[in-house]
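Right, one structure below, let's go through it.
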Amino acid sequence: MGAYLNPGNEGFRTITNDIYVDKTGLIDYVNSTIDTPRKLTCFSRPRRFGKSFAAKMLCAYYDKSCDSRVLFQNLEISGLKSFEKGLNRYNVIYLDITRFIARAKNKGSDMILDLQAAVIEELTGAFPACIKEGETFLADALFAVSEKTDEKFIIIIDEWDALFREAKNDEIIQKKYIQLLRGLFKAGPITDRTIAAAYMTGILPIKKYGTESALTDFKEFTMTKPAKLARYIGFTEEEVRKLCTDQDMDFEKMSAWYDGYSFHNIRHVYNPNSVMNAILDGEIANYWTSSETYESLKSYISMNFDGLKDSIVAMLGGEQIRVKVSMFQNDVSSFKSKDDVLTLLIHLGYLGYDADNGKAFIPNQEIADAFADAVSGDEWADVQELLQDSENLLEATLRGDSDAVAAALEKAHHLNSSILRYNNEASLSSAIMIAYYTARRFYKIVPEFPEGKGFADLVFLPRKGTDRPAMVIELKYNKDADTAIKQIHENRYEGDLKKYFGNLLLVGINYDMDAVGENAKKHTCVIEKV
């Protein structure tokens with residue numbers, strides 16, 4: 001076993017010794033690509049979403065230098081038809097690019113030569129009669145081994161995009177790296193003879209130059225288009241429910257904090273690192289910022305692109321924002337528009353993305369808190385003021401202080417309108433969602449809640465473990481708050497809300513958009529306890 005050639009199965013053995021969520025079905029997909037035109041796979045997803053775990057799993061399964069049958073015998077892959085297809089049958093080349101960069105003595109463009117030299121050295125030790133002396137090109141060294149031994153390689157690259165993130169302004173080293181990958185994977189006799197399959201994983205999709213991928217022969221699965229691999233991005237709802245049952249954790253709280261990533265065929269995907277940390281620590285907390293500092297998020301959302309701040313504020317208010325993801329160049333430096341920044345945040349995991357409607361959103365409470373921390377500095381002072389006032393607003397609502405609520409919402413609406421540059425019904429709804437930001441820790445907030453004869457504008461359902469009342473909020477424009485309360489009664493919002501009778505607040509809010517003089521843009525509020 002070596003660092004690059006046939007690294008063995010100890011990495012995966014260590015993973016399975018702890019609480020393990022079975023993701024070995026991914027092996028079945030990779031098996032289906034072996035020696036086919038689809039044999040090159042790139043699967044990108046955010047940091048702390050299990051990329052390295054998957055890479056070590058694949059190494060353990062394919063590496064012919066070890067026997068991993070016992071490791072897999074009780075896991076999903078063992079019950080699938082392809083189980084025997086690749087089990088410990090291949091020489092594996094494993095490249096952890098982040099680890100190599102950290103250990104590299106040469107941080108310049110010669111790093112690519114050093115990487116190839118390190119792998120060739122191990123290949124030469126294992127196959128001394130195959131590689132010519134002085135060989136410096138990895139693709140030729142692998143081809144020479146395959147020619148002499150009649151064996152192919154499985155190539156696994158972890159954090160493939162690390163150079164594009166850590167040397168983001170060094171185009172020379174980036175291009176040399178792409179040349180190395182093209183040499184290994186460009187369709188042709190060398191690749192066909194040498195490689196049975198390849199699996200790359202990283203945070204970013206494969207770099208684009210213009211509209212073309214730098215590695216056109218790879219089948220890509222990304223946060224904007226995960227296709228059939230969506231269930232391997234993070235934990236599914238079924239997996240998290242089982243973990244919560246087994247470990248005596250509150251599933252509802254787990255869902256509020258770590259769920260929210262949504263894809264075409266799987267609507268509930270959880271941040272796996274945060275779920276596991278919550279289980280191991282025995283408490284729900286913000287684990288995202290322990291691995292991702294908010295400074296990087298702050299630098300992106302503060303970029304001077306027209307409409308970017310509007311979009312961030314709207315998403316803090318619970319809205320979804322349309323994003324054009326196709327023009328992003330898949331790096332951390334080639335930004336041309338707010339869409340590029342938002343697309344990067346999708347790939348980094350700071351935003352969820354619904355490909356069905358082409359919209360991005362803040363997925364859960366943990367990420368919302370990261371945004372709340374990041375909106376600091378003079379350019380975000382108005383947003384910070386909104387967020388800081390939210391706790392007082394919630395307390396005023398709960399004690400039935402309608403005058404204080406009206407005043408707070410009037411201030412929030414004024415601030416929000418100046419931020420978002422519009423003054424209409426959508427502005428009031430967005431202002432209220434941001435104004436009640438703190439409430440998300442205690443409530444599930446549902447816009448357009450279907451009940452009785454109609455839809456409630458906003459319903460606040462108490463989370464498990466809190467004694468706060470449920471709340472129905474009805475918004476009116478150019479009428480009065482009493483009319484809003486009357487509509488709630490007329491629509492007979494019962495159903496799921498009926499169980500809260502005795503502990504339910506009805507909140508009617510009116511905004512007079514057309515009034516002039518001292519009543520201009522006045523907000524009124526009526527609060528009634530059921």
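Along the sequence shown, residues are numbered consecutively beginning with 1. Small disclaimer: the values here were computed from a predicted structure and weren't measured.
In this structure, Arg241 forms a cation-pi arrangement with Phe251, its terminal cationic atom sitting closer than 6.0 Å to the ring centre and no more than 45° off the ring axis.
Among residues two or more places apart in sequence or in another chain, the ring-ring contact (aromatic ring centres under 6.0 Å, His included) test is passed with Tyr29 by Phe221. Under the side-chain contact (heavy atoms from CB on, under 4.5 Å) criterion, Gln247 pairs with Ile19, Met249, Ile279, sequence neighbours left out. Residues passing the side-chain contact (heavy atoms from CB on, under 4.5 Å) test with Asn74: none are found, sequence neighbours excluded. Checked against side-chain contact (heavy atoms from CB on, under 4.5 Å), Ser262 has the following partners two or more places apart in sequence or in another chain: Arg267, Phe361. Not counting sequence neighbours, the partners of Glu171 by the side-chain contact (heavy atoms from CB on, under 4.5 Å) test are Lys175. Among residues two or more places apart in sequence or in another chain, the side-chain hydrogen bond (donor to acceptor under 3.5 Å, both in side chains) test is passed with Ser302 by Glu379, Trp380. Residues forming a salt bridge (Lys or Arg N to Asp or Glu O under 4.0 Å) with Arg231 (at least two apart in sequence, or on another chain): Glu76. Remark: Glu366 pairs with Ser274 by the side-chain hydrogen bond (donor to acceptor under 3.5 Å, both in side chains) rule, at least two apart or across chains. Applying the salt bridge (Lys or Arg N to Asp or Glu O under 4.0 Å) test to Asp331 and every residue at least two apart in sequence or in another chain returns Lys207. In terms of the salt bridge (Lys or Arg N to Asp or Glu O under 4.0 Å) criterion, residue partners of Asp150 (sequence neighbours excluded) are, by chain and number, Arg193.
Taking the six-membered ring for Trp and the full ring otherwise, the centers of Phe43 and Tyr232 sit at least 6.0 Å from each other.
For Lys186 and Thr191, the side-chain atoms include no donor-acceptor pair closer than 3.5 Å. No side-chain donor from either of Asn6 and Ser65 sits under 3.5 Å from a side-chain acceptor of the other.
Residues in residues 59-87 take part in these ring pair (Phe, Tyr, Trp, His ring centres under 6.0 Å) pairs, two or more places apart or across chains: Phe12-Phe72, Tyr61-Phe72. A ring pair (Phe, Tyr, Trp, His ring centres under 6.0 Å) check over residues 131-171, counting only residues at least two apart or in different chains, returns the pairs Trp160-Phe164.
A salt bridge is absent between Lys208 and Glu212; no separation between the charged side-chain nitrogens and carboxylate oxygens falls under 4.0 Å.
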